[in-house]
Asks: 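Take this structure, written in structure tokens, and hold onto it; I'll ask about it next.
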Amino acid sequence: MLPYSALLLLFSPLTQASLQIIPGGTWTASDGRHIQAHGAGIIAENGTYYLIGEDKTDGTPFQNVNCYSSTDLVRWEYVGALLSRTSSGDLGPDRIVERPKVIYNDETKKYALWMHIDSRDYGDAKVGVATGDSVCGKYEYHGSFRPLGFQSRDMGLFKDDDGSGYLLTEDRQNGLRIDKLDPTYTKVESNVYTWSEKIESPAMVKVDGRYYMFGSHLTGWDPNDNVTLSHSCSVYSTSASLSSGWSPWREFADDGSNTYASQTTFILPYGDGNYMYLGDRWRSDNLHSSTYIWLPISIRGPTSVSLKNKINWVPNLLEGGTWTEGITETGYEGEAGQAGGAARTVSCSDCSGGRAMGYVGGPDNGSVTISGITTEKAGVTTVRIRYANGDSSTRYANVRVNDQAPVKLAFLPSRGGTSSSTLVTHLETADNVIVFEGIDGGWGPDIDKLFVPVE
Ligand SMILES: *[C@@H]1O[C@H](CO)[C@@H](O)[C@H](O)[C@H]1NC(C)=O
Ligand SMILES: *[C@@H]1O[C@H](CO)[C@@H](O)[C@H](O)[C@H]1NC(C)=O
Ligand SMILES: *[C@@H]1O[C@H](CO)[C@@H](O)[C@H](O)[C@H]1NC(C)=O
């Protein structure tokens with residue numbers, strides 16, 4: 001398989017105007033796995049974006065704080081862990097470490113990593129602090145505490161234009177707080193503001209001199225929801241000052257959508273005055289398969305914040321950084337492809353035409369070859385793969401496009417329906433061939449349909 005860095009080199013001179021974000025899909029990183037950066041934040045440096053979040057590979061207890069990098073917000077390279085499980089203590093076995101966030105301190109020249117530190121029964125309710133010399137390198141853990149003596153659960157960080165740092169912290173007894181950090185960003189100095197409302201998952205952004213605080217109503221992981229989506233309606237409050245004048249909380253997504261079944265984790269300013277909402281669609285029974293709802297958010301004044309759902313969209317980071325809607329697509333049915341090995345058409349109620357190509361991979365090396373794919377968006381592009389995976393664990397496939405080296409793609413459980421996985425590849429204008437094969441005798445997904453951009 002071609003190393004990811006080689007792929008980036010190969011692709012970088014070509015047009016990138018169709019690289020898509022597909023909210024809620026499987027996002028395969030350079031290591032061939034669904035991105036493990038839940039409850040994440042992003043920090044940008046020298047044109048590179050670093051995604052830092054929770055590794056939930058083995059469920060709830062702390063494993064790693066992971067770091068991925070990207071220059072286009074679509075292709076993510078796994079870089080490593082900032083912190084990993086230790087034999088005992090705050091980061092030991094069976095501990096809770098959530099919502100890691102990093103800001104850079106211009107004075108100390110260090111990166112400050114803050115995170116929610118807790119026991120399995122959420123009784124500790126503390127924040128932990130670590131510092132590092134490089135954004136995606138190893139961090140030194142300095143311990144945990146209750147900020148100013150108050151409980152702290154969900155949290156975020158905010159760095160103001162004047163270099164002041166702030167902790168956004170949910171104190172379940174007293175409400176959501178903004179606390180000022182000391183000049184080294186390793187201690188909490190004083191309380192700046194407290195909302196009495198119970199709001200969790202805080203994230204702050206400053207737009208045209210005005211602060212916007214985002215969060216969601218306290219609902220946790222709703223056990224009543226049969227697909228165990230997080231059922232949390234997100235809201236925002238805004239003010240020209242951090243310490244006073246905050247508006248009432250308002251909704252910003254479509255009514256009844258529960259923020260498109262996601263919970264806020266971060267708001268990223270990028271490109272030419274664009275903002276991206278980052279939310280988690282939690283799967284409480286299978287946390288590693290929680291997906292990412294990233295959408296362009298429009299912030300145009302105190303009462304004009306809005307978020308619309310999209311199947312796909314294009315951040316256009318390398319081409320001026322003004323997002324655009326997903327490009328017109330054409331579809332290719334999986335079952336219309338050529339079956340190899342024991343692969344064959346299967347019925348699938350949620351699939352287009354009620355059918356898909358099944359038995360891809362497995363002991364008989366099933367495969368499907370989809371030929372004659374054309375696009376007017378030749379070059380590096382996103383192909384959306386709609387699939388079914390009825391297992392409770394992730395399936396994998398090798399995907400070969402034309403004569404390129406195979407790329408390993410992940411396919412999360414699709415829970416009785418279909419789901420999407422994202423392939424970034426290089427296409428010619430005509431006669432493209434895409435082949436799906438299993439890996440080492442494992443089963444790949446049932447291939448419902450490929451969606452290929454046309455102009
Ligand atoms: C960004 O660029 C500056 C100046 O060239 C350099 O000192 C710094 O290490 C770079 N940061 C990263 C994360 O590459
Ligand atoms: C969830 O499951 C329960 C019990 O099986 C059922 O009564 C209820 O209608 C389901 N709710 C939804 C929204 O599907
Ligand atoms: C499947 O592929 C493996 C690895 O190439 C090979 O050892 C095996 O014989 C193949 N099985 C069949 C049924 O072709």
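Values in this document were obtained by computation on a predicted structure and should not be read as measured data.
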Asks: W195: what forms a ring-ring contact (aromatic ring centres under 6.0 Å, His included) with it, not counting sequence neighbours?
Replies: Y193, W246, W249
Asks: Which residue pairs pass the disulfide (SG to SG under 2.5 Å) test with at least one member in residues 156-195, sequence neighbours excluded?
Replies: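 Non-adjacent pairs meeting disulfide (SG to SG under 2.5 Å): zero.
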Asks: Would you please name every residue forming a ring-ring contact (aromatic ring centres under 6.0 Å, His included) with Y68, sequence neighbours left out?
Replies: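 Partners of Y68 by the ring-ring contact (aromatic ring centres under 6.0 Å, His included) criterion, ordered by chain and then number, come out as Y78.
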Asks: Which residues pass the side chain to side chain donor-acceptor pair (under 3.5 Å) test with K449, sequence neighbours left out?
Replies: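 Checked K449 against side chain to side chain donor-acceptor pair (under 3.5 Å); zero matches.
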Asks: Going by distance alone, is a donor N or O of one side chain under 3.5 Å from an acceptor N or O of the other, for T131 and H142?
Replies: yes
Asks: Only pairs at least two apart or in different chains count here, so list each disulfide (SG to SG under 2.5 Å) that has a residue in residues 91-135.
Replies: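 Non-adjacent pairs meeting disulfide (SG to SG under 2.5 Å): zero.
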Asks: Got a sec, which residues hit ring-ring contact (aromatic ring centres under 6.0 Å, His included) with Y166, two or more places apart in sequence or on another chain?
Replies: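 Applying ring-ring contact (aromatic ring centres under 6.0 Å, His included) to Y166 gives none.
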Asks: Can you run down the disulfide (SG to SG under 2.5 Å) pairs that involve residues 257-316, sequence neighbours left out, and say none if there aren't any?
Replies: none
Asks: Which residues pass the ring-ring contact (aromatic ring centres under 6.0 Å, His included) test with F436, sequence neighbours left out?
Replies: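 With neighbours one apart ignored, the set is empty.
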Asks: Holding to side chain to side chain contact (heavy atoms under 4.5 Å, CB included), I want the full list of residues that pass it with R146, two or more places apart in sequence or in another chain.
Replies: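 With neighbours one apart ignored, the set is A125, K126, Q151.
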Asks: Taking only residues two or more places apart in sequence or in another chain, which ones pass side chain to side chain donor-acceptor pair (under 3.5 Å) with Y211?
Replies: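 With neighbours one apart ignored, the set is D160, K206.
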Asks: Taking the six-membered ring for Trp, are F145 and W114 parallel (under 30°), tilted (30 to 60°) or perpendicular (over 60°)?
Replies: perpendicular
Asks: Which residues pass the side chain to side chain contact (heavy atoms under 4.5 Å, CB included) test with S306, sequence neighbours left out?
Replies: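 For S306, the residues satisfying side chain to side chain contact (heavy atoms under 4.5 Å, CB included) (neighbours in sequence not counted) are S298.
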Asks: Which disulfide (SG to SG under 2.5 Å) pairs, counting each pair once, include a residue from residues 63-136, with sequence neighbours left out?
Replies: C67-C136
